[in-house]
Amino acid sequence: MVGITNRGAPLSENVHLVAPEGLAPGNGYSHVAWGTGRTIAVSGQVAFDEKGELVGPGDPEAQARQVFENLGRALAAAGATFADVLKLTFYVTDRDQLPALRVARDAVIDTERPPASTAMVVAGLFRPDVLVEVDALAVVPADAPAGTTGTTGAAAATSTATAATSEGSSA
């Protein structure tokens with residue numbers, strides 16, 4: 001494993017193990033991934049455009065593409081890219097929506113070093129017309145600059161509280 005040193009020294013890159021010894025390879029995911037640096041947690045993203053309107057009502061492919069566009073924007077706001085993602089969690093209302101999510105995911109990740117992943121079929125999301133939701137966990141070097149878009153501090157808290165009361169919660 002290139003880039004790893006002993007005794008707590010930092011990793012030079014995030015590490016993805018698709019199939020550790022004794023485990024079968026996953027279908028587009030790594031069984032384990034790790035890194036050191038600044039951790040970025042991206043809340044579950046759904047298929048809303050920048051105006052808060054649902055993209056692709058009833059269309060899991062369109063919703064999946066928009067979800068990954070939104071994830072990309074959120075990661076960029078924190079100074080990260082899909083290459084920095086260690087973990088994705090999929091929430092779908094029907095397992096038949098998973099292939100659409102995998103296609104959208106594979107369009108943006110390195111399929112040779114995929115993130116760890118969990119997929120869950122849920123009874124429903126926060127709105128009945130939302131079919132898929134994805135959250136992400138990423139790690140960038142500690143000295144990597146943060147993104148320059150979005151709101152911070154009190155403005156972010158106010159924005160989040162307003163969104164939660166007007167739209168419901170996606171968590």
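Note that these values count all heavy atoms, side chains included, but never hydrogens, waters or copies made by symmetry. Since this is a predicted model, take the numbers as computed values, not measurements.
The backbone N or O of Val32 lies less than 3.5 Å from no partner atom in the side chain of Ser30, so there is not a single donor-acceptor pair. For the pair His16 (side chain) and Ala33 (backbone), a donor-acceptor distance under 3.5 Å is absent. In this structure a side-chain-to-backbone donor-acceptor pair under 3.5 Å is missing from Asp106 to Val103. Under the 3.5 Å distance criterion, the side-chain polar atoms of Arg105 are matched with a main-chain donor or acceptor of Gly28. Gln63 places a side-chain N or O within 3.5 Å of a backbone atom of Asp129 that can act as its donor or acceptor partner. Using a distance-only test at 3.5 Å, with no hydrogens or angles considered, a donor-acceptor pair links the side chain of Gln97 to the main chain of Asp94. Remark: side-chain polar atoms of Arg95 are not paired, donor with acceptor, to backbone N or O of Val121 under 3.5 angstrom.
Two residues are said to be in side-chain contact when any heavy atoms from C-beta on lie closer than 4.5 Å; Tyr29 and Thr118 fail this criterion. Using a 4.5 Å heavy-atom cutoff, the side chains of Val85 and Leu75 are in contact. Val134 places a side-chain heavy atom less than 4.5 Å from the side chain of Leu71. Within the 4.5 Å cutoff, the side chain of Arg38 has heavy atoms near those of the Ile40 side chain. Taking 4.5 Å as the limit, every side-chain heavy atom of Lys87 sits out of range of all side-chain heavy atoms of Pro115. Between Glu112 and Val18, every side-chain heavy-atom pair lies at or beyond the 4.5 Å cut-off. Put simply, the side chain of Asn14 does not reach to within 4.5 Å of the side chain of Trp34, judged on heavy atoms.
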Which pairs of donor and acceptor atoms, one on a side chain in residues 50-59, lie under 3.5 Å apart (sequence neighbours left out)?
{"from": "Asp59", "atom 1": "OD1", "to": "Glu61", "atom 2": "N", "distance (Å)": "3.1"}
{"from": "Asp59", "atom 1": "OD1", "to": "Ala62", "atom 2": "N", "distance (Å)": "3.2"}

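Closest approach of Ala19 and Ala24 over heavy atoms only: CB-C, 4.1 Å. Of all non-hydrogen atoms in Ala64 and Ala100, the two that sit nearest each other are CB-O, 3.7 Å. When all heavy atoms of Arg127 and Phe48 are compared, the pair lying nearest together is NH1-CZ, 3.5 Å.
Note: Phe68 and Phe82 have tilted aromatic rings, judged against thresholds of 30 and 60 degrees for the angle between ring planes.
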Exercise for the section: Check the pair Thr93 / Leu125 against side chain to side chain contact (heavy atoms under 4.5 Å, CB included), numbers first and verdict last. Expected result: CA-CA 7 Å; Thr93 57; Leu125 294 167; 4.1 Å; yes
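In this structure, CG on Asn70 lies 11.0 Å from CD on Glu133, to the nearest 0.5 angstrom. For the atom pair OG of Ser117 and CG of Leu101, the computed distance is 9.0 Å after rounding to the nearest 0.5 Å.
Hydrophobic clustering places Val108 together with Leu88 (ILVMFWY residues linked when any side-chain heavy atoms are closer than 4.5 Å, directly or through intermediates). Follow the hydrophobic side-chain contacts under 4.5 Å out from Val46 and you reach Val122 in the same cluster. In this structure, Val92 is not a member of the same hydrophobic cluster as Val130, with clusters built from ILVMFWY side-chain heavy atoms closer than 4.5 Å. Residue Val42 is grouped with residue Ile109 when hydrophobic side chains (ILVMFWY) are merged at heavy-atom distances under 4.5 angstrom, including chains of intermediate members. Val140 and Leu86 are members of different hydrophobic clusters when ILVMFWY side chains are connected at heavy-atom separations under 4.5 Å.
Side-chain contact of Thr89 with Asp135: a donor-acceptor pair under 3.5 Å is present, judged by distance alone.
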